Number of protein chains: 2
Amino acid sequence: MVRPVETFLKYLDSKHLKLTRERKAVLEEVFFHPGHLEAEELTHTLRSKKSRVSRATIYRTLELLVDSGIVRKIDLGHGHSHYEHILGHTHHDHLVCLKCGKVIEFTDKKIERLQTNICQKSRFQEISHTVQIFGYCKDCR
Amino acid sequence: MVRPVETFLKYLDSKHLKLTRERKAVLEEVFFHPGHLEAEELTHTLRSKKSRVSRATIYRTLELLVDSGIVRKIDLGHGHSHYEHILGHTHHDHLVCLKCGKVIEFTDKKIERLQTNICQKSRFQEISHTVQIFGYCKDCR
DNA sequence: GATATAATTGAGACTGAATCTCATTCTCAA
DNA sequence: TTGAGAATGAGATTCAGTCTCAATTATATC
């Protein structure tokens, strides 16, 4: 059982930061949103609900969530960032359809292992990686 | 022997476009620049040489170069695009140092093959892919 | 509960990359 | 040489994301 709020609280405490109404609203929205969301989308969703949170705070909170390992910032080739929650999810990468925009997740342990090998060869300390494959999904090809 | 100008000309012809002084200047600069360059950098380099080309034209030309397969647009996590010439180069991906910004290229046929498998499984038609590994290089770790 | 202090927020200004507009200039085929 | 379409450049515009700063809020302590 994963507890995003607890995880976030622990992170905030370690940095002497506070869990505010706004941060909690962002966290909940991100965590219960399936898939990949955009910051701008988030401002609208939250506004339509009871809790409006300013754009500045949304960006600031997303950064905290990324930092705390709850959320991952990804680039799907749209010229702006997307975010997905990763706490309790296994690592995956993406197939991105250039026509309909659909995003298919995949996991491949072998690729991960080969990447680790490559880093070792260059004495490179991996922090994160992204594998994006762009093309056309089975419905759009 | 690779002939970028010829390749570009062929592409332009096929689209009923013209090889102008400005387009040629951009192509040459990109092609003879080693590694990964930024659009803004390009405006400065070209200005300092004899041939000044407007920002608009530089962006427009880079798009044509990408389209014609001479150049690849890549995201090195800097919040803006980089470009590298790929004509006559074997495909590669990148290790990006988060501290010094160094970019190390690598090629791995096995990873490529595994990616092809993944696409087949989802009946996904691959057009391009990017693999970026972020971390610290041997001098910065 | 009151208070102090440091953290937090929001509005809106700002930045920087990239795109768009449109009047002017250029290219090239006829 | 000329005309039509293509191309260019200056500057306006867009858009994501960041910054500023005055006003507000959370939490620890009294």
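Throughout, a chain's letter reflects where its sequence line sits, starting with A, and its residues are numbered from 1. Every value quoted in this text rests on a predicted model; they were computed, and no experiment measured them.
The CG-P distance, from A:Leu64 to C:dA7, rounds to 13 Å in whole Å. Rounded to whole angstrom, the span from the CD1 atom of B:Ile74 across to the P atom of C:dA17 amounts to 16 Å.
The closest donor-acceptor contact from the side chain of A:Ser122 to the backbone of A:Cys119 lies at 3.5 Å or more, if one exists at all. No side-chain donor-acceptor contact under 3.5 Å links A:Arg113 to the backbone of A:Asp108. Listed for the A:His94 side chain is no donor-acceptor partner under 3.5 Å among the backbone atoms of A:Val103. Counting only distance, with no hydrogens or angles, the side chain of A:Thr7 and the backbone of A:Arg3 share a donor-acceptor pair below 3.5 Å.
Partners of B:Asn117 by side chain to side chain contact (heavy atoms under 4.5 Å, CB included), not counting sequence neighbours, listed by chain and number: B:Leu114, B:Gln120. A:Leu17 is linked by a side chain to side chain contact (heavy atoms under 4.5 Å, CB included) to A:Leu12, A:Lys15, A:Arg23, A:Leu64, counting only residues two or more places apart in sequence or in another chain. In this structure, the side chain to side chain contact (heavy atoms under 4.5 Å, CB included) partners of A:Glu29, at least two apart in sequence or on a different chain, are A:Leu42, A:Thr45, A:Leu46, A:Lys49. Scored by the side chain to side chain donor-acceptor pair (under 3.5 Å) test, B:Asp67 finds B:Tyr11 as partners (sequence neighbours excluded). Under the side chain to side chain donor-acceptor pair (under 3.5 Å) criterion, A:Lys102 pairs with A:Asp139, not counting sequence neighbours. For B:Glu112, the side chain to side chain donor-acceptor pair (under 3.5 Å) partners are B:His129, not counting sequence neighbours. Applying the side chain to side chain contact (heavy atoms under 4.5 Å, CB included) rule to B:Arg52 yields the partners B:Arg47; only residues at least two apart in sequence or on another chain are considered.
If you check residues 34-47 of chain A against DNA chain D, you find no residue with a heavy atom closer than 4.0 Å.
Each of A:Ala56 and B:Ala56 lies near DNA chain C, and the nucleotide nearest A:Ala56 is the one positioned closer to the 5' end. Residue order along DNA chain C, read from the 5' end via each residue's closest nucleotide, puts A:Val53 first among A:Val53 and B:Gly79.
At its two ends the helix from C:dG1-D:dC30 to C:dA30-D:dT1 runs along axes set 20° apart, each axis drawn from five pairs and the angle rounded to 10°.
For C:dT19, the OP1/OP2 oxygens have no side-chain nitrogen or oxygen of B:Tyr59 closer than 4.0 Å.
Judged by distance alone, with hydrogens and angles left aside, B:Arg55 brings a side-chain donor or acceptor within reach of the base of C:dA18, the pair sitting under 3.5 Å.
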Using a cut-off of 4.0 Å between protein heavy atoms and nucleotide atoms, how would you tag nucleotides 22-30 of chain C 5' to 3' with B, S and -?
-> -----B---

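For DNA chain D, the outermost nucleotides in 5' to 3' order that have an atom under 4.0 Å from a heavy atom of chain B are D:dG5 to D:dA12.
Atom CD of A:Glu63 has 12 or fewer heavy atoms from other residues, nucleotides or ligands within 6.0 Å.
For residues 72-83 of chain A, the set of pairs meeting the side chain to side chain donor-acceptor pair (under 3.5 Å) definition, not counting sequence neighbours, comprises A:Glu38-A:His80, A:Glu38-A:His82, A:Arg72-A:Glu84.
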